[in-house]
Protein chains: 2
Amino acid sequence: MKDIAQRAGVSESAVSFALNDRPGVSEITRDRIRRVAEQLGWRPSTAARALSGEGSATVGLVVARPAASLGVDSFFLQLISGIQEVLAERQLGLLFQVVEDVTAECAVYRRWWAEHRVDGVLVVDPRTDDPRAELLDELGLPGVVIGALPGSDTGPHPGLSQVRADDAAAMAAIVGRLHELGHRRIVHIAGLPTLAHTDRRIRSLRIEADRRGLAEAHSVTTDYSDTEGAAVTRRVLEQSVPPTAIIYDNDVMAAAGIAVIAGLGISVPRDVSVVSWEDSALCRLTAPWLTALSRDTVAFGRIAARELTALLDGGAARTVQVPLPGLIERGSTAPAHGG
Amino acid sequence: MKDIAQRAGVSESAVSFALNDRPGVSEITRDRIRRVAEQLGWRPSTAARALSGEGSATVGLVVARPAASLGVDSFFLQLISGIQEVLAERQLGLLFQVVEDVTAECAVYRRWWAEHRVDGVLVVDPRTDDPRAELLDELGLPGVVIGALPGSDTGPHPGLSQVRADDAAAMAAIVGRLHELGHRRIVHIAGLPTLAHTDRRIRSLRIEADRRGLAEAHSVTTDYSDTEGAAVTRRVLEQSVPPTAIIYDNDVMAAAGIAVIAGLGISVPRDVSVVSWEDSALCRLTAPWLTALSRDTVAFGRIAARELTALLDGGAARTVQVPLPGLIERGSTAPAHGG
DNA sequence: CCATGGAACTCAAGCGCTTTAGTCGCTGGT
DNA sequence: ACCAGCGACTAAAGCGCTTGAGTTCCATGG
């Protein structure tokens, strides 16, 4: 900046004003300064900026999952690439970290906060009992929760926006469709019991089942892995009166499930219908192809990031709903037959 | 720090020395200062640190792939989680960005460099003609290339380490095994032609084929998607004399391929053997299970990150080889039958 | 008994930017 | 002719840390 000031024949302050679109310099000088800066290929040092009170121009994202269970999902990278689209517009960096559990995640937030490393964070995988909201409140670190915290509609958390998928409505849609097809015995092979959305889906299933008077409707929680998905599928189908439809909380388990079912000599979709709560290439690699709930994960990321930038700009925290995912019917669902 | 200095009854410099394990303070004072710092929950501001000449304690990783093709691979997140393990030990942050293409990637490096945002970078997906190495040289930004640049064994790039998988040897191993099983017609459904390792695999296949006098051995490049994998598989099997073995450059295409093959009424592994160059849960979701080349991607990430920290510590650039991946033989490979 | 040296510690500058409190010169009103 | 007021610009402090050049004090050797 000193260079620029010298070459443009002004003071450093003038340069700062000019380059930050602040009043205090004439348009002529501003232009001149801009030109010199451009010519010199100048970029502000984030460190210096951060030091003098501006933010660090960085937002954080930490995902707390064991390495093994990370790869299976296509969810995260999609989400991140949506987030990036928005952050890139504002030249915001994304500080990314993967840790083992929520405790470690909280430690990371604390550290980032103390080190002034991030201006805000994106929180994923909200839990039924989540310490993170409170921590962020305490630190005064703006954040947006991707997928909603339990119970909090507007949320008692002043600095926390939420971007939520309406899991209840989505579950209702699936159950509605299966009911329409004549299914009266449904099993839901859910994900991690600690996650808030797992809880919501389970609850919604029960409500819908009651409302429609289904003969059977229960949920079993898993760790999202193909292994557990397969094991639970086997167990469920060996019941004396097996279900006629199974809802899987992700694509990996659905695919694993469909393989197991075939192995048992049971036909999909004649004997049992299968729905995957997550669409991906995987859903077209099975035989038959998987009927799946298809949400636009990239858009989800975009929305979340936009919410965060709004917060950083001083906007108030709020809760936004993303569009309801659509049920893409492929070969794995069909009318229930008398059985 | 001022606080700490005051409470410990010393100057700020003493605090700095003490907390950075630099000589110039007695052990007693050092301990006292440490205790006070701890008690106050002090963490150095990265901004201030960076400003006064230390690095930014951050490394960068940018992946240049369209959003759509990101999710299919389990590769990246695995890699990243390996990287993180090592970075976490040193409290280094990972600045992550996904962009559309290499040009944009270069722009990001330039920006990061100008803004002093990162101390070094990890470069993935090296290409046959890669502008990035030269750029990093020019900027003097330390980097480690994950997967090796073409041709450069030691590399003429002073600040660039390389962590390479020995693709040639791996290909040789696969071809060797298939040859042993009696296969004489092999097709290799490769990935993106611009990637350096694609090139190396193709070249290695040709060499091995010549050495062993195979009747047919050729490669077809794709974009790694299930769609192209499926399309190419169909085309290849409709040849007048179809291959008896197919090698796919990733798990997604292999799975898609095996589905297509079944659809054509051809039996795996009786009529055609299938090998996947990448192991994942997906390889156990197909029927039969996929024989796959299994590398430890998490370890790969760890090694790369360690190489980068070595570089940041002032070590010299070097090229390290990761262990040869093993071929896990599952149901998709078998002896070729007379044909 | 003084010079010497080294260990322990302090001073102050400086990293690159922002920002507050000016200074300067001009216009317009009286 | 004089001052208020405004726009354009400068001076300098400060953000939190590092660091090289001191300063002080004590132990040691001649």
Side-chain angles (χ1 to χ4, degrees), chain A residues 1-34 36-38 40-58 91-93 111-119 312 314, chain B residues 1-34 36-38 40-58 91-93 111-119 312 314:
Chain A
M1 263 183 60
K2 212 184 298 181
D3 256 26
I4 301 180
Q6 209 157 11
R7 302 200 192 194
V10 294
S11 71
E12 274 188 64
S13 331
V15 175
S16 177
F17 290 144
L19 262 20
N20 290 307
D21 291 322
R22 242 177 271 282
V25 268
S26 64
E27 270 315 310
I28 310 185
T29 332
R30 194 182 296 270
D31 269 5
R32 182 156 36 96
I33 293 176
R34 278 217 195 93
V36 178
E38 174 117 7
L40 260 51
W42 177 87
R43 300 249 68 208
S45 144
T46 29
R49 267 237 163 109
L51 195 51
S52 43
E54 305 289 273
S56 55
T58 308
Q91 313 258 70
L92 288 171
R111 193 155 59 74
W112 280 352
W113 172 81
E115 294 177 353
H116 299 285
R117 257 177 180 284
V118 298
D119 299 337
L312 295 182
Chain B
M1 263 184 58
K2 213 183 301 181
D3 255 25
I4 301 179
Q6 210 157 10
R7 302 198 192 197
V10 293
S11 71
E12 275 188 63
S13 331
V15 176
S16 176
F17 290 143
L19 264 18
N20 290 308
D21 291 322
R22 240 177 272 282
V25 267
S26 64
E27 270 315 310
I28 309 183
T29 329
R30 194 183 296 272
D31 268 4
R32 181 157 36 95
I33 293 177
R34 276 216 195 95
V36 178
E38 174 116 6
L40 261 52
W42 177 87
R43 300 250 68 209
S45 144
T46 28
R49 266 237 162 107
L51 195 52
S52 44
E54 304 291 271
S56 54
T58 308
Q91 313 259 67
L92 288 170
R111 193 154 60 74
W112 280 353
W113 172 81
E115 295 177 355
H116 299 285
R117 256 178 181 285
V118 298
D119 299 337
L312 296 181

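Per chain, numbering begins at 1; letters A, B, ... match sequence-line order.
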Give the rounded distance in Å between these two atoms: CD of Glu115(A) and C1' of dC17(D).
13 Å

Backbone N/O of Ser11(B) and side chain of Ser13(B): donor-acceptor pair under 3.5 Å:
no

Check for a donor-acceptor pair, side chain of Arg32(B) on one end and backbone N or O of Ala8(B) on the other, with a separation under 3.5 Å.
yes

Arg30(B) vs Asp21(B) side-chain heavy atoms within contact, under 4.5 Å
yes

For atom CD of Glu12(B) and atom C1' of dG14(D), their distance in whole Å
13 Å

Give the first and the last nucleotide of DNA chain C, reading 5' to 3', that has any atom under 4.0 Å from a heavy atom of chain A.
dG16(C) to dT20(C)

Rounding to an integer number of Å, can you tell me how far Ile28(A) CD1 sits from dC9(D) C1'?
14 Å

Hey, is the main chain of Ala48(A) close enough, under 3.5 Å, to the side chain of Ser52(A) for a donor-acceptor pair?
yes

How long is the span from the CG atom in Leu19(A) to the CD atom in Glu38(A), to the nearest 0.5 Å?
10.0 Å

Let's see if you can work this out: which of dC9(D), dT10(D), dT18(D) has an atom nearest to the side-chain heavy atoms of Ser26(A)?
dC9(D)

Assign Arg30(A) to base, sugar-phosphate, or nothing according to its heavy-atom contacts below 4.0 angstrom with the strands shown.
nothing

Rounded interatomic separation in angstrom, taking CG from Leu19(A) and P from dC9(D):
14 Å

For the atom pair CZ (Arg43(A)) and CZ (Arg117(B)), what is the distance rounded to the nearest 0.5 Å?
9.5 Å

Using a heavy-atom cut-off of under 4.0 Å over every strand shown, decide if Ser13(B) touches base, sugar-phosphate, or nothing.
base

Quick one: label Val15(B) by what it contacts on the DNA or RNA (base, sugar-phosphate, nothing), any heavy atom closer than 4.0 Å.
nothing

At what distance, to the nearest 0.5 angstrom, does CD of Glu115(A) lie from CH2 of Trp42(B)?
9.0 Å

Most 5' of Ser16(B) and Ser11(A) on DNA chain D, judged by nearest nucleotide
Ser11(A)

Which whole-number value in Å describes the distance from Phe17(A) CZ to dG7(D) P?
14 Å

Establish, with yes or no, whether the OP1 or OP2 oxygen of dT18(D) is under 4.0 angstrom from a side-chain nitrogen or oxygen of Arg22(B).
no

The residue, Gly24(B) or Ala14(A), whose nearest nucleotide of DNA chain C is more 5′ is Gly24(B)

Separation of dG14(D) C1' from Leu51(B) CG (nearest whole Å)
12 Å

To the side chain of Arg49(B), which of dT10(D), dT18(D), dG14(D) is closest?
dT18(D)

